[in-house]
Amino acid sequence: MNINVQFKKGVLELCVLVLIHRKERYGFELVQQVSNYVQVAEGALYPLLRRLVTEGHCTTYLQESNEGPPRKYYKLTANGEQYMQEMLKEWNQFVKDVSSLLEEGVTHE
């Protein structure tokens with residue numbers, strides 16, 4: 001089943017924030033981690049990461065790598081932590097509301 005692209009875009013930001021919250025990560029690592037759950041093109045993630053930095057939700061730092069050039073790692077700021085918590089709350093409420101609607105729709109039709 002192919003999930004609607006707009007729907008995917010909405011949850012992608014939350015997935016990225018949660019993954020960075022768990023552990024500071026570099027771009028390609030984030031692509032791999034997100035892809036374990038949601039099919040995503042590598043090119044879709046980098047504009048999102050740039051925006052998160054621009055909006056002050058993340059900072060970046062370079063770290064040497066044994067496998068090539070230094071990698072740019074992403075780290076949540078205090079602002080980003082708060083933003084992620086707000087998004088999680090909204091997401092959980094959204095899922096609860098949609099689940100209720102779907103259950104009612106199936107049982108009341």
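The structure presented is a predicted model; accordingly, all values stated were derived computationally and were not measured. Both backbone and side-chain heavy atoms feed into the values below; hydrogens, waters and symmetry mates do not.
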Applying side-chain contact (heavy atoms from CB on, under 4.5 Å), name anything that partners Glu90, two or more places apart in sequence or on another chain.
none

Tell me, with the steps shown, if Leu101 and Asp97 meet side chain to side chain contact (heavy atoms under 4.5 Å, CB included).
CA-CA 6 Å; Leu101 181 144; Asp97 293 345; over 6 Å; no

Distance-only donor-acceptor pairs under 3.5 Å for side chains of residues 47-62, two or more places apart:
unit_1 : atom_1 : unit_2 : atom_2 : d
Arg51  : NH1    : Glu13  : OE2    : 3.3
Arg51  : NH1    : Glu55  : OE1    : 3.1
Arg51  : NH1    : Glu55  : OE2    : 3.3
Arg51  : NH2    : Glu13  : OE2    : 3.3
Thr54  : OG1    : Arg50  : O      : 2.9
His57  : ND1    : Asn79  : OD1    : 3.2
Tyr61  : OH     : Glu24  : OE1    : 2.4

Report the distance from atom CG of Leu17 to atom OH of Tyr74, rounding to the nearest 0.5 Å.
13.0 Å

If you look only at distance, which donor and acceptor atoms sit under 3.5 Å apart when one is on a side chain in residues 31-38 and the other is two or more places apart or in another chain?
unit_1 : atom_1 : unit_2 : atom_2 : d
Ser35  : OG     : Val31  : O      : 2.8

Separation of Met84 CE from Leu76 CG (nearest 0.5 Å):
6.5 Å

Indicate the atoms forming the closest heavy-atom contact of Arg22 with Arg25, along with that distance.
CB-NH2, 4.1 Å

I'd like to check the side-chain contact (heavy atoms from CB on, under 4.5 Å) partners of Glu67; sequence neighbours left out, ordered by chain and number.
Ser65, Arg71

Does Lys96 have any side-chain contact (heavy atoms from CB on, under 4.5 Å) partners at least two apart in sequence or in another chain, and if so, which?
Gln93

Among residues at least two apart in sequence or on other chains, which ones pass side chain to side chain donor-acceptor pair (under 3.5 Å) with Glu81?
His21

How many angstroms lie between atom CG of Leu88 and atom CG of Leu14, to the nearest 0.5 angstrom?
5.0 Å

